[in-house]
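Below you'll find the structure, written out as structure tokens, and then a few comments.
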Amino acid sequence: EDQVTQSPEALRLQEGESSSLNCSYTVSGLRGLFWYRQDPGKGPEFLFTLYSAGEEKEKERLKATLTKKESFLHITAPKPEDSATYLCAVQAPGTYKYIFGTGTRLKVLA
Amino acid sequence: NAGVTQTPKFQVLKTGQSMTLQCAQDMNHNSMYWYRQDPGMGLRLIYYSASEGTTDKGEVPNGYNVSRLNKREFSLRLESAAPSQTSVYFCASSESIYRDSYNEQFFGPGTRLTVL
């Protein structure tokens, strides 16, 4: 069964303390993995798409990487405004459906 | 561009009442989706519409119906609401034309529904 698992469930960091969020997947023939940010009371906001193992994408303090089994979202020197829930998703091959992980709730303390 | 809009933002229903959640997108996207989000469960797909005129069941379709009114609009109907349908509902759209297009989704702000 196609699955997406994110860890940790929650993460508290001090401002400036770098860390990584993990997204592991069991999807055969993966050709697209997506990262989203979700603020409380709002809909998910698209961050990145990664298409193949070895690909990396960056946006401000965020860098997403992809291997054949997992993806990492690296947060460098985070700020309180980076506090949010980060979701990853894959598109089930051969379908229009997307499979989401349950997310990592990130809290960055000033 | 407004992106994806949803109405209403909040709703309280009594068990057995019906209602329709509205969704519209102005990005000329082909595919539209309805999800529900519950604590600890993540986003679960209720129904989706790959293109105008087509709809298909997702992971949790029971108790819901949908209508793809035109390319812009995709509505979700609860015929007889139950407390188990208390959730936050998100509509999303994607440019996806083909099954393996791997296009990102754009989400609306959500509807917070409580069924008493």
Side-chain angles (χ1 to χ4, degrees), chain A residues 1-10 21-25 27-53 55 57 59 64 66 71 84-105, chain B residues 2-6 9-10 21 23 25 27 29-52 54-61 68 74 88-112:
Chain A
E1 183 186 351
D2 297 332
Q3 261 189 329
V4 175
T5 304
Q6 291 188 249
S7 61
E9 287 187 16
L21 283 55
N22 178 263
C23 171
S24 63
Y25 58 89
V27 174
S28 58
L30 177 82
R31 282 154 61 185
L33 185 142
F34 307 88
W35 281 99
Y36 293 85
R37 169 189 172 129
Q38 186 174 23
D39 292 302
K42 295 190 176 181
E45 177 187 349
F46 170 72
L47 292 173
F48 303 110
T49 306
L50 300 167
Y51 290 103
S52 59
E55 188 175 3
K57 288 196 175 169
K59 181 179 180 180
L66 181 65
S71 177
T85 295
Y86 291 86
L87 303 171
C88 91
V90 300
Q91 187 169 359
T95 79
Y96 292 93
K97 301 179 186 179
Y98 296 77
I99 304 165
F100 281 81
T102 53
T104 294
R105 294 189 311 278
Chain B
V4 179
T5 56
Q6 292 183 237
K9 286 187 167 50
F10 300 92
L21 281 64
C23 173
Q25 52 92 8
M27 296 172 283
H29 284 170
N30 293 293
S31 303
M32 297 186 73
Y33 304 78
W34 276 105
Y35 292 91
R36 59 178 291 174
Q37 187 175 42
D38 303 290
M41 302 287 289
L43 283 161
R44 291 184 292 168
L45 182 64
I46 304 171
Y47 270 94
Y48 68 100
S49 171
S51 61
E52 186 178 355
T54 69
T55 60
D56 284 285
K57 295 179 181 179
E59 183 186 353
V60 288
R68 183 76 182 264
F74 188 38
V88 181
Y89 291 85
F90 289 102
C91 176
S93 71
S94 168
E95 195 174 350
S96 299
I97 300 174
Y98 306 107
R99 293 181 190 280
D100 291 328
S101 293
Y102 297 99
N103 296 109
E104 65 272 20
Q105 294 182 304
F106 294 83
F107 285 82
T111 294
R112 283 141 191 85

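Computed from heavy atoms alone, side chains included, the values below leave out hydrogens, waters and symmetry copies. Throughout, protein chains are lettered first and strands after them, A, B, ... in sequence-line order, and every chain is numbered starting at 1.
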Taking all heavy atoms of B:G42 and all of A:T102, pick out the closest pair and write down the distance.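 What the structure gives for the nearest pair is N-CG2, 3.9 Å.
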
Give the minimum heavy-atom separation between A:T49 and B:E104, together with the two atoms involved.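 Closest heavy-atom pair between A:T49 and B:E104: OG1-OE1, 4.1 Å.
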
Tell me, for [X] versus chain B, whether the close heavy atoms (under 4.5 Å) come from the side chain, the backbone, both or neither.
X	answer
A:L33	neither
A:E45	neither
A:Y98	both

Find the distance between CD1 (A:I99) and CG (B:L43) and round it off to the nearest 0.5 Å.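 One finds 12.5 Å between CD1 of A:I99 and CG of B:L43.
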
To the nearest 0.5 Å, tell me how far A:F46 CZ sits from B:S94 OG.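 One gets 10.5 Å once the value is rounded to the nearest 0.5 Å.
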
Has B:Y33 got a side-chain atom pairing as donor or acceptor with A:Y96's backbone, closer than 3.5 angstrom?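 The answer is yes, because a donor-acceptor pair under 3.5 Å joins these two groups.
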
Which class fits the ring pair A:F100 and B:F107: parallel under 30°, tilted 30 to 60°, perpendicular over 60°? perpendicular

Check whether [X] gets within reach of chain A through its side chain, its backbone, both or neither, counting any heavy atom under 4.5 Å.
X	result
B:Y35	side chain
B:R44	neither
B:L45	side chain

Residue selection (most heavy-atom pairs with chain B, distance under 4.5 Å) from A:G41, A:G103, A:G43, A:P44: A:P44

Test of understanding: with salt bridge (charged side-chain N to carboxylate O under 4.0 Å, His left out), list the residues that count as partners of B:R68, not counting sequence neighbours.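 Not a single residue meets the salt bridge (charged side-chain N to carboxylate O under 4.0 Å, His left out) criterion with B:R68.
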
Just give me the residue among B:Q6, B:M41, B:Q105 that pairs up with chain A most often, heavy atom to heavy atom, under 4.5 Å.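 Result: the option with the highest number of such pairs is B:Q105.
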
Mind checking whether B:F90 and A:Q38 have side chains closer than 4.5 Å, heavy atoms only?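 B:F90 reaches A:Q38 side chain to side chain.
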
Taking C-beta and beyond as the side chain, do A:K97 and B:E59 meet within less than 4.5 Å on heavy atoms? no

